[in-house]
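To start, the structure under review is shown below, and the notes come after it.
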Amino acid sequence: MVEITLEDIKSFSKEYNDNPTNKIIENAIANNGLENTMLNRDVIIENQPVFNIELPESKRYDQKDSYKCWIYAGLNMIKFNIAKNLNIDVKQLQLSANYISLFDRLEKANHTYNNIIEMKNASIKKVIETEITKLCVSEGGYFEWFEAIVNKYGLIPEQYMPDAKESINYAKISDLYDKKIKKDITELILLKQNNASKDEMINKQKTYNQENYEILSKILGEPKLTFNLEYKDKDEKMCIFKNITPLDFKNKFLTLRLENFVSIGNVPMYNKEYNKVYSRKYLGNLKCTKFLNLPIEDLKTMVIKQLKDKIPVYMGAHIINYRDKKSGILDKRLYNYSQTFHIKDLTKEEALNFEEITMHHAMAFSGVHIIDDKPIRWKIEDSYGDKEKYNGYYIMNDNFFDEYVLGIVVDKKYLSEEQKALLEQEPIEYQDESY
């Protein structure tokens, strides 16, 4: 067993001070902060905001503290298609994330109740061990959940269900709603243990759903079941659609078939193989997550194909490391950490194994710059307004794509026949949080 002694500390200090550069770096970091001191200016200069495949300029959403990045990534993916079918400039179109969020929370709770009711020999211990309640009604999400809500409940322009004060504040509503659902779960478990009939439990579930609708409507605003859509199109023509439902709006103006889009992951970790399909156990709303795990170059090929067809690409990544929010640059060389501190970087597999990286943020690819048939950098639309980064966009170097992009969503027509065949596998269920 090794012990650090005071003599060791004296030795460490002597070696540290024998190199005058160490004190220069220490003072620079103390006065300017770690990132400002380590920033590699040449990398920022290299990553110019120029792309030879690029979607038109659009208005950036601002999710504030809502944790709805997964919803905004979905809206950014579909907004060009809807604007085209409305015959309006995409800058004029804003869709309600609040509407989708309300129904997502409602369906997540119902999904959790179903899990409890269908579970054999339910107990508090078993529920905790299987993680049924972990993140069961959180604001976070995946494309499959976006697709499920949109296809069941439709879409509504933002002006017909704008954000309420608490819809842009994740913490308060989540804390309140989470406690309510977990109390419901406790009651359902007790009913099962007391041999209640399934009909009795389902009636209880229906009561919970009514209560949840009332809670969510009071906090977020009750969603409109019909509305009058009125706008002027590009030709200055007045367009009026009276008493349409959100589902009518979606069916008429969204011609992308969301059910044809599939999740492709790049998750090279100890318990996940390439060419296999994986599903996150228990977690979901109307659908659970499912993705096909493929090498990173396959993901790039699919993204480029879809961008060439003028369709943004929903993506999930770990973006905390190696980013400069002022310039919007994402580049593995952005900060001189390894040279300064002699730290060896984890490989992507190692980082995933130890949960050093997770898919914590969703955005949308909106452009790419290709030279000699190879992608050099990528344009990423974020959902935090246009005041930071490059007018609200990230400029992602291709080396960052390799290390930190964990998943994309593309129309399955961009997959090869062999890749499409792989989608037919029975998913392997898992519970870790890497994807």
Side-chain angles (χ1 to χ4, degrees), residues 34-35 38-40 43 47 63 67-70 72-73 131 134-135 138-144 263-274 276-281 283 289-300 302-303 313-325 328-365 375 377-378 380-384 389 394-409 428 430-435:
L34 186 60
E35 287 190 349
M38 296 292 106
L39 188 63
N40 188 334
V43 170
N47 286 288
Q63 70 179 70
Y67 277 51
K68 295 190 185 83
C69 62
W70 65 281
Y72 287 110
E131 299 187 342
K134 188 176 183 180
L135 304 176
S138 72
E139 185 61 86
Y142 299 84
F143 173 79
E144 289 85 351
S263 291
I264 309 297
N266 177 248
V267 190
M269 57 190 301
Y270 76 100
N271 61 352
K272 293 184 179 67
E273 301 175 41
Y274 287 146
K276 300 287 186 182
V277 176
Y278 292 90
S279 177
R280 185 81 178 271
K281 194 172 185 179
L283 203 60
T289 63
K290 185 173 74 170
F291 73 94
L292 172 62
N293 201 22
L294 291 176
I296 197 70
E297 293 303 322
D298 291 357
L299 276 68
K300 294 178 186 179
M302 295 172 189
V303 173
V313 179
Y314 187 112
M315 60 88 81
H318 183 98
I319 63 163
I320 295 173
N321 300 348
Y322 300 104
R323 70 168 170 178
D324 175 41
K325 293 176 76 174
I329 303 299
L330 300 170
D331 192 305
K332 190 71 188 296
R333 306 162 299 165
L334 191 57
Y335 300 105
N336 295 315
Y337 296 144
S338 59
Q339 303 96 315
T340 304
F341 301 110
H342 311 294
I343 297 172
K344 294 181 180 178
D345 285 330
L346 293 168
T347 65
K348 190 173 190 177
E349 179 176 353
E350 291 166 344
L352 285 163
N353 289 342
F354 290 107
E355 294 187 13
E356 283 295 312
I357 61 174
T358 60
M359 195 174 76
H360 68 87
H361 192 46
M363 300 179 288
F365 285 106
R377 55 183 172 268
W378 305 79
I380 315 291
E381 183 166 7
D382 201 6
S383 50
Y384 281 100
K389 305 180 274 292
Y394 279 115
I395 302 162
M396 178 191 288
N397 191 279
D398 193 57
N399 64 51
F400 194 97
F401 194 126
D402 290 335
E403 298 298 323
Y404 295 113
V405 171
L406 300 178
I408 62 169
V409 175
I428 300 167
Y430 71 99
Q431 288 183 213
D432 64 70
E433 296 185 39
S434 58
Y435 185 91

Would you please say whether a donor-acceptor pair under 3.5 Å links the side chains of Glu144 and Thr289? no
Closest approach of Tyr72 and Ser383, non-hydrogen atoms and distance? CB-CB, 3.6 Å
How close do Pro268 and Tyr274 get, heavy atom to heavy atom, and via which atoms? CB-OH, 3.4 Å
Return the minimal non-hydrogen interatomic distance between Cys69 and Ala362, and the atom names on each side. SG-N, 3.4 Å
Within-4.5 Å side-chain heavy-atom neighbours: Asp324 and Glu35: no
Indicate yes or no: at least one non-hydrogen side-chain atom of Ile329 is less than 4.5 angstrom from one of Arg323. no
Heavy-atom closest pair, residues Tyr404 and Asn321: OH-ND2, 3.7 Å
When you compare the side chain of Tyr335 with that of Asn40, does any pair of heavy atoms fall below 4.5 Å? no
Heavy-atom check, side chain of Met363 versus side chain of Ile319, under 4.5 Å: yes
Are Tyr314 and Tyr142 near enough that their ring centres are under 6.0 Å apart? no
Can you find a side-chain donor-acceptor pair between Asn266 and Asn293 that sits under 3.5 Å? no
Does the separation of the ring centres of His360 and His318 fall below 6.0 angstrom? yes
More than 12 heavy atoms of other residues, nucleotides or ligands under 6.0 Å from OH of Tyr67: yes or no? no
For the atom pair CE (Met302) and CD (Glu297), what is the distance rounded to the nearest 0.5 Å? 12.0 Å
Got a second to check how far Leu34's CG is from Phe341's CZ, nearest 0.5 Å? 5.0 Å
Determine whether Glu273 and Ile428 make a side-chain contact, defined as any pair of heavy atoms from C-beta on separated by less than 4.5 Å. no
Flag the pair Leu352 / Tyr270 as yes when at least one side-chain heavy-atom distance between them is below 4.5 Å, and no otherwise. no
On the six-membered ring of Tyr430, is Lys272 placed so that its NZ or CZ lies under 6.0 angstrom from the centre and within 45° of the ring axis? yes
Testing the basics here: between Met269 and Asn353, what is the closest heavy-atom pair and its distance to 0.1 Å? CB-OD1, 3.1 Å
Would you mind reporting whether Val277 and Lys290 have side-chain heavy atoms less than 4.5 Å apart? yes
Looking only at heavy atoms, what is the nearest atom pair of Val405 and Ala317, with distance? CA-CB, 4.0 Å
Side-chain contact test, heavy atoms from C-beta onward, threshold under 4.5 Å: evaluate it for Asp331 versus Arg377 and give yes or no. no
Establish, for the pair Lys332 and Phe400, whether the NZ or CZ atom is under 6.0 angstrom from the six-membered ring centre and no further than 45 degrees off its axis. no
Is a salt bridge present between Asp402 and Lys348, judged by a nitrogen-to-oxygen distance below 4.0 Å? no
Given the ring of Phe401, does Lys300 sit roughly above its face, with NZ or CZ under 6.0 Å from the centre of the six-membered ring and within 45° of the axis? yes
Go through the structure and list residues passing side-chain contact (heavy atoms from CB on, under 4.5 Å) with Thr347, not counting sequence neighbours. Glu349, Glu350
